[in-house]
Amino acid sequence: MATTNNQTKRSARSAPSTARSGNTAATKTTRSTDKDAPLKEDIRLLGRLLGEVLREQEGDEVFDVVETIRQTAVRFRRESDAKAGAELDKLLKKLTRDQTNSVVRAFSYFSHLANIAEDQHHNRRRRAHLLAGSAAQPGSVAYALSRLDDAGVSGAQVRSFLKDALVSPVLTAHPTEVQRKSILDAEREIARLVAERDNPLTPKELRHNTELLRARIATLWQTRMLRYTKLTVADEIENALSYYRITFLRELPALYDDIESEIDSQFPTRTKSRAGAELPPYLQMGSWIGGDRDGNPNVNAGTMQHALERQSTTIFDYYLEEVHTLGAELSISTLMVDASPELLALASASPDHSDHRADEPYRRALIGIYARLAATARSLGAANILRQEVGAAAPYGAPAECVAELDVLVASLQANHGAALVKPRLAGLKRAVEIFGFHLATLDMRQSSDIHERVLAELFAKAQVESGYAALTEERKVALLLGELSKPRLLYSPYLEYADETNSELAILRTAREIRRRYGERAIRNYIISHTETLSDLLEVLLLQKETGLLHIEGNQLKELELMVIPLFETIPDLRCAAEIMRGWLTLPQVKPLIAKQGKLQEVMLGYSDSNKDGGFLTSNWELYKAEIQLVELFNEAGVKLRLFHGRGGTVGRGGGPSYQAILAQPTGTVNGQIRLTEQGEIIASKFSNPEIGRRNLELLVAATLEASLMPQTTDARETRKLAEFERVMEELSERAYRAYRNLVYETPGFTDYFFAATPIAEIAQLNIGSRPASRKATQRIEDLRAIPWGFSWGQCRLLLPGWYGFGSAVSGWLADAGNAKETAKRQATLRAMCKEWPFFAALLSNMDMVLSKTDLAVASRYAGLVADRKLRNAIFGRIADEHGRTSTVLGTITGSKERLTANPLLARSIKNRFAYLDPLNHLQVELIKRYRTTVAAGRAPEERVQRGIHLTINGVAAGLRNTG
């Protein structure tokens, strides 16, 4: 897909590529003058190989059709050639059904391959900086530590900080991941082969590499891109576990080692053995997959148990393989070097009594550790241990016991001239056990507050305590719940019958208690309440935990809570009430001892997705910011540490965007060493399917947390006044943006009809891309639609409306109300100062800039054409187009640049180059949706190939835009 005529294509096919072989002066010269030349070479190579595979698999005719469409689309995009646009439209409409699917797959796979090339180039540029000895890059821990050192923060402060810190990315299974695992596996191998070409290769090795690349691309072409059956929760669990095997199991312990080395290097005053090794695991993985039942009827007690069994099996498989490999490596003989008495005792306790290893205590000790790990794995549900242990051994009671035995090996090696043997594998294994335990990742539980209310209403009624709980006022609910919490007896009776929902919810909590007993307290420790609107929503979960043995009581006093009760504030009204609700919670005498038992720490979750769908981009961000400030002030007053859990999605409209900048843009005092954030949908694949990029993304989280928490904050009165002025302006802009957004989405007659017609929302709901329904209720109300498909749909039609709508009206209206030219200029200067000096506003504009760069009104107008009501279509699309123009104009006024992404030219070029390959996919999607809906409207069954074609375009557009979910 990267050549221009058949003769050139055929000759290129037979000529081996010399891309980045390092064998020619021309290549070296190009690389020295254009740092992006290797990226261009990779894209050309992958495009050429895709073209060769297309010709081999589909024939010359399809190849020529694809190539003609590609050339026409490029001409249309680069030259704004109206004639080329008409030609492109004509070409696409002439395609047969079979040709359509081939064209869609070709352009989709080109986007996938371009992503691989870009990821490899990011790795390449980072390594180039390191090899050149360049200063540490922003986002690295080295950079963060250097800044802290310059600011007067000591090494002791950094180490003390990390002892109490928690940074936790939480993987979720929200339905925006449109890639099959088989596709991801093939693409990972292509990425490995592309990376291999950066090494010096002989001509023979280069030919072999190229042949393997062609073979893997052929595998892609012959692999079904779509799922034909609905994903189950078990499937989602397995998909998530694949990222542990690829990235987390090895890269997370290695990252700890790197960070500890950086701390010792930056703060060398303390040079004793590995000062950083004393640090507990401050970076831990979390998961919602199997425990998040909000709106997902497929999650229950069984899925929670299955999730922990599979997680546990995954980590034990890793431990056992590492211990087995260590046994082969640590062939140390006591005939050559001494061993510690503790190591000899551990070896003597091993089930291995072979005379052949009598002088090899490390091997015998490891055989014993292997046997204990295997026994532990079986006791926790592992069905297949790949290598049979030598003999029986007692299982470990807790991960700390395993760590202690590995410590014996470490200490013995260090004391007997074997320190160099610790780092290659043993140190990483020990660190992995400390990080992952026997549970791998903490599984969060989440459920909606209205479900809790229904369950307790039945329990109260059946126990003859209160027949109308749901109808009580908030004051009476709180009084009833507190009264019931003080009583030792339970509401539940095994002799009564309850609704299926009540039985299911109680069974889930009982299962959580059992999981904690089996896998350790870190296996499940959080209970998140969706749609938290009142104090009683939190107390209800306390009472449910009491009913299931998770809340411990002595006499009539609440003593200890096993699952932290975490409110999730989602909508704009909920965010505005967050501080008031938490004040009530923190000041309750019954709750204070529970918080004290939690280390005087309380977590609060903030929802980016639903607040955006509720109030628009600007207001959502502002209300989140204000809620955080109010919460920090409240928690400081109460003497309780606040941990914020950021429910961010992939799109900017759902809180997406660069994590590093997002954390640094948080209000002062809101990070404080405690932060959790969700990693959702296809973002998981883009961040963690490549081990090197995965480690980099994990490092970004730690670096940003260090900077946001420890950098001294100015208390200068002038700066304080300036920030207050910025916040005053932001409040006014938010109110204006809120009115503009709500007026369009919720107050414009027919908007819902427009949305369902002008986006592929209905077709997305049919995709087998998640176990969760697209809507909370069986309606077409925007209020009931989940925020994920809401944002996903706007991305597909290239409007990305949730990431910018309302900003233009807000700023232009505020400037227009200045009254005179002088005041207008003053207000413009204020906005520019906010962009330059306020990280929150700068990050907001940067994200919006990126969204606008991916927006295309010309393409979006084609989707608007799907709306049958011309008057409605013109009215709503006209308003959206007008707002887009206003937003682009005022953004340019504030930043001083009319062009998008001037601060990120690499991303700007990437997006611009992709458009030529996205355009045909969008145009074909519209054409296929027309065919599909016309057929359905006529009462006929749609052709499977048409449906498949639509879903293929959805896949391709999502891959091309990268952050659509």
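Computed from a prediction, not measured in an experiment: that's the story for all the values here.
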- Task: Step by step, work out the salt bridge (charged side-chain N to carboxylate O under 4.0 Å, His left out) result for E731 and R728.
- Result: CA-CA 5 Å; E731 179 70 25; R728 185 194 65 77; over 6 Å; no
- Tightest non-hydrogen contact, residues I259 and V702, listed as CD1-CG1, 3.9 Å
- With under 30° as parallel and over 60° as perpendicular, where do the rings of Y746 and Y741 fit, or are they tilted in between? perpendicular
- Query: Is the shortest side-chain N to carboxylate O distance from R721 to D716 below 4.0 Å?
  - Reply: no
- Tell me yes or no: between the side chains of H531 and D574, is some donor less than 3.5 Å from an acceptor? no
- Taking S853 for its side chain and L901 for its backbone only, find out whether a donor-acceptor pair lies under 3.5 Å. no
- Query: Would T678 and T172 satisfy side-chain hydrogen bond (donor to acceptor under 3.5 Å, both in side chains), going step by step from the backbone distance to the final call?
  - Reply: CA-CA 7 Å; T678 52; T172 77; 5.7 Å; no
- Query: Does a side-chain heavy-atom distance below 4.5 Å link P138 with Y660?
  - Reply: yes
- Query: Can you name the residues that form a salt bridge (charged side-chain N to carboxylate O under 4.0 Å, His left out) with E603, not counting sequence neighbours?
  - Reply: R643, R676
- If only atom types and distance count, is the side chain of N697 paired as donor or acceptor with the main-chain N or O of F688 below 3.5 Å? no
- Are the side chains of M711 and R147 in touch, meaning some heavy atoms are under 4.5 Å apart? yes
- Under 3.5 Å donor-acceptor, T748 side chain and V745 backbone: no
Donor-acceptor list for residues 832-846 side chains, cut-off 3.5 Å, not counting sequence neighbours:
unit_1: R832; atom_1: NE; unit_2: T893; atom_2: O; d: 3.0
unit_1: R832; atom_1: NH2; unit_2: T893; atom_2: O; d: 3.3
unit_1: E837; atom_1: OE1; unit_2: K722; atom_2: NZ; d: 2.5
unit_1: W838; atom_1: NE1; unit_2: Y625; atom_2: OH; d: 3.4

- Tell me the salt bridge (charged side-chain N to carboxylate O under 4.0 Å, His left out) pairs involving residues 693-703, sequence neighbours left out? R126-E699, E251-R695, D258-R695
- Would you find a donor on one side and an acceptor on the other, under 3.5 Å apart, between the side chain of S734 and the backbone of M730? no
- Task: Kindly write out the residues that satisfy salt bridge (charged side-chain N to carboxylate O under 4.0 Å, His left out) with E580, not counting sequence neighbours, or none if the list is empty.
- Result: none
- Task: Inspect the contact between E747 and R742 and indicate whether a charged nitrogen and a carboxylate oxygen are less than 4.0 angstrom apart.
- Result: no
- Is T705 reaching over with its side chain to a backbone N or O of L701, donor-acceptor style, under 3.5 angstrom? yes
- E719 CD: over 12 foreign heavy atoms closer than 6.0 Å: yes
- Hey, does R736 have a side-chain heavy atom less than 4.5 Å from the side chain of S809? no
- Task: Would you indicate whether the side-chain heavy atoms of I263 and R159 approach each other to under 4.5 Å?
- Result: yes
- Donor-acceptor under 3.5 Å (Q666 side chain, A662 main chain): yes
- Sub-3.5 Å donor-acceptor pair from the side chain of R827 to the main-chain atoms of W814, do we have one? yes
- Tell me, please, which residues at least two apart from N672 pass side-chain hydrogen bond (donor to acceptor under 3.5 Å, both in side chains). none
- Query: So, N690 versus D119: side-chain donor-acceptor pair below 3.5 Å or not?
  - Reply: no
- Residue pairs involving residues 141-170 (criterion ring pair (Phe, Tyr, Trp, His ring centres under 6.0 Å); sequence neighbours excluded): none
- Query: With the threshold set at 4.0 Å, does a side-chain nitrogen-carboxylate oxygen contact exist between E692 and R127?
  - Reply: yes
